[in-house]
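Heavy atoms only: backbone and side chains are in, while hydrogens, waters and symmetry mates are out. Just follow the structure's listing: the first ligand is 1, and inside any ligand the first atom is 1.
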Amino acid sequence: MSYDYDLIVIGAGSGGVRAARMSAQAGAKVAIVEEYRYGGTCVIRGCVPKKLMVYASAFAESFEDAKGFGWTVGESRFSWPDFMAAKDAEIARLEGIYARNLGAAGVELHRARGVVTGPHSVKLSSHDRELTAEHILIATGGAPFVPDVPGAQHAITSNELFELPEMPARIVIVGGGYIACEFAGVLNGMGAKVVQLYRGKRILRGFDGEVAGFVQDEMIKKGVVVRLETDVAAIEDPTDRGIVVELTNGEKIETDAVLYATGRVPNTRGLGLQEAGVELGMKGEVVVDECSRSSVPSIWAVGDVTDRVALTPVAIREGAAFARTVFEKEPTSPDHELIPTAVFTQPEIGTCGLTEEEAVAHREIEVYSAAFRPMIHTLSGRDERMLMKLLVDKADRKVVGCHIVGHAAGEMIQLAGVAMKMGATKEDFDRTVAVHPTAAEELVTMKTPTR
Ligand SMILES: Cc1cc2nc3c(=O)[nH]c(=O)nc-3n(C[C@H](O)[C@H](O)[C@H](O)COP(=O)(O)OP(=O)(O)OC[C@H]3O[C@@H](n4cnc5c(N)ncnc54)[C@H](O)[C@@H]3O)c2cc1C
């Protein structure tokens, strides 16, 4: 049977774009269908604009810290509209690059919502047109999840935050995950009064417990009001004075915006997958095998929609592995072991491998942990600490967990991740000469286990 294409990709985000380009470069006839903007969550309303906001928000502390080094800093003021205009221009530039690169690889671009209508067919809803392909790749990512509380329609999610015309002077952020914590730091740094609500006992669940507690303490010191074991009962209709949030303990908080960052769900609703026979999991994720193939042999899925590891570089790797499997005829399963990652909280986290809680559950370990005041704050006077932590398997001496909190933690963990991926032992770390004076040298100078 002949089809219009060898491959139709639904979703031009991190995973879809990589899969489409590599498949086209391998000689396949490829179409990509995108309902919003090329680049997907990461470029348009995720990692990239978020990191730009982190940079913008960090200047306030730099101006203060400069005084300790002899600088007199004049009056400073942050303009949200000026920042947003600069951010939007950069995002538009990146989106253009994504579209051009797809075109240059020979991929046909369709700006439409795609709906699967069978194992080999996709309907472009806005165009009332059906395309056929030998393979279909679902790369539709995820969407913010907002619980069904009364008044939830008055809340925003990260999607809307990136487009607000004005910065809310007061904001309630609901959630304790990494995105909630990152936005708490960003908005606090930009000068908003931030109250973060989390129903659990400590934010950043799933991260190393010592790291999560450390970051929580530092965030509180910087001015974020963290309210634990608290949730929203209802959000009242907005008035001239703002929005009133009623908490489960009966207390009320008046604010200007409510941001829900309570997790993300795979984007499969209304996509026609179940009707086409594709098995979905409990959260609506596409269930795939180790090569990203769904229960329907011609339909594949990569990225956040599969609910494996929801990170851009992982979606990219999964997209590349798909292209290699299908069009380079080399079955390839993406490697999900030892993924280094950063969280752009303030202070920042870099993490790779097991948490202490995970490690002690399965093996005997040595924990090396050091908290200290980084050199810059000896003169800045800022009361901020860093944390360096290594978890070592006692049996084979391998470093099975590395956790860093502090300035440039994300940059450091990328390199520690290389060593860990190579199977470095604690003794390999120890025989590496320290880079002095840096904070990173702590990673190779921790001699005695803390526990
Ligand atoms: C606020 C925020 C911050 C983040 N920060 C980081 C970070 O610092 N580092 C990191 O690694 N990851 C980060 N992430 C996660 C990262 O953005 C995702 O893991 C990554 O974008 C997933 O790529 P994807 O290809 O699976 O999907 P996406 O990038 O989400 O792309 C999916 C695309 O599919 C389109 N689409 C959906 N349905 C249809 C349809 N039916 N028809 C046509 N098109 C459709 C969407 O419009 C979208 O463009 C962040 C996410 C958020 C929300």
Side-chain angles (χ1 to χ4, degrees), residues 8-20 31-54 95 98-99 102 109-117 122-127 131 136-145 156-162 173 175 177-183 186 259-273 284-286 288 292 301-320 322 334 339-345 348-351 410 413-414:
I8 298 173
V9 179
I10 307 183
S14 309
V17 166
R18 177 55 59 98
I32 196 162
V33 185
E34 171 56 55
E35 66 176 344
Y36 185 52
R37 294 177 65 181
Y38 298 108
T41 303
C42 172
V43 176
I44 309 296
R45 45 197 186 184
C47 331
V48 175
K50 184 264 315 269
K51 185 82 188 277
L52 294 175
M53 288 178 116
V54 171
E95 184 185 10
Y98 270 77
L102 282 165
L109 279 63
H110 296 270
R111 179 98 57 173
R113 177 168 173 76
V115 174
V116 174
T117 47
V122 173
K123 188 163 178 239
L124 306 190
S125 56
S126 51
H127 298 54
L131 308 177
I136 296 172
L137 178 68
I138 309 299
T140 50
F145 167 75
I156 58 170
T157 68
S158 56
N159 285 351
E160 293 77 42
L161 184 87
F162 289 124
I173 298 179
Y178 87 90
I179 293 176
C181 296
E182 288 178 337
F183 281 124
V186 161
L259 171 70
Y260 261 92
T262 38
R264 293 174 63 81
V265 285
N267 232 339
T268 49
R269 203 190 290 171
L271 208 55
L273 290 171
E285 75 275 17
V286 181
V288 289
S292 302
V302 295
D304 287 9
V305 77
T306 61
D307 195 33
R308 287 178 282 185
V309 181
L311 291 169
T312 285
V314 177
I316 291 173
R317 290 288 175 105
E318 290 172 0
F322 159 82
I339 296 171
T341 188
V343 176
F344 297 98
T345 38
E348 191 171 304
I349 304 172
T351 173
I413 202 66
Q414 181 69 81

Quiz item: Crowded around Gln414 CD? As in, over 12 foreign heavy atoms under 6.0 Å?
Solution: no

Quiz item: Has Arg317 got more than 12 heavy atoms of other residues, nucleotides or ligands less than 6.0 Å from its CZ?
Solution: no

Under 3.5 Å: N/O of [X] near N/O of ligand 1:
X	result
Arg264	no
Gly15	yes
Ala315	no
Asn267	no
Leu271	no
Arg113	yes
Thr312	yes
Ser158	no

Exercise. Compare Ala301, Cys47, Gly270 and give the one whose heavy atom is closest to atom 6 (C) of ligand 1.
Key: Cys47

Quiz item: For atom 45 (C) of ligand 1, which candidate among Arg111, Met53, Glu35 provides the closest heavy atom?
Solution: Glu35

I need the atoms of ligand 1 closer than 4.0 Å to a non-hydrogen atom of [X], numbered in the order shown.
X	value
Gly303	26 (O)
Ala310	15 (C), 19 (O)
Pro313	11 (O)

Quiz item: Under the 3.5 angstrom rule, does the side chain of Arg264 hit a backbone N or O of Gly142 as a donor-acceptor pair?
Solution: yes

Quiz item: Backbone N or O of Arg113 within a donor-acceptor pair of the Ser125 side chain at under 3.5 Å?
Solution: yes

Exercise. Check whether any heavy atom of Tyr178 sits under 4.0 Å from an atom of ligand 1.
Key: yes

Practice problem: Could you tell me whether ligand 1 has any atom less than 4.0 Å away from a heavy atom of Ala112? | Solution: yes

Quiz item: Taking non-hydrogen atoms only, is Ile10 closer than 4.0 angstrom to ligand 1 via side chain, backbone, both or neither?
Solution: side chain

Practice problem: Have a look at ligand 1 and work out which part of Leu311, if any, has a heavy atom under 4.0 Å from it: side chain, backbone, both or neither. | Solution: both

Exercise. Please say which of Val115, Val116, Ile136 ends up in a side chain to side chain contact (heavy atoms under 4.5 Å, CB included) with Leu273.
Key: Val116

Practice problem: Run through Phe162, Tyr178, Tyr260 and flag the one making a ring-ring contact (aromatic ring centres under 6.0 Å, His included) with Phe183. | Solution: Phe162

Quiz item: Could you give the distance from CD1 (Ile413) to CD1 (Ile339), rounded to the nearest 0.5 Å?
Solution: 13.0 Å

Self-check item: Pairwise distance CZ(Arg45) to NZ(Lys50) - rounded to 0.5 angstrom
Solution: 15.0 Å

Exercise. Scan for salt bridge (Lys or Arg N to Asp or Glu O under 4.0 Å) pairs involving residues 307-316, sequence neighbours excluded, and state none if there are none.
Key: Lys283-Asp307, Arg308-Glu318

Quiz item: With Tyr98, which residues qualify under ring pair (Phe, Tyr, Trp, His ring centres under 6.0 Å), at least two apart?
Solution: none

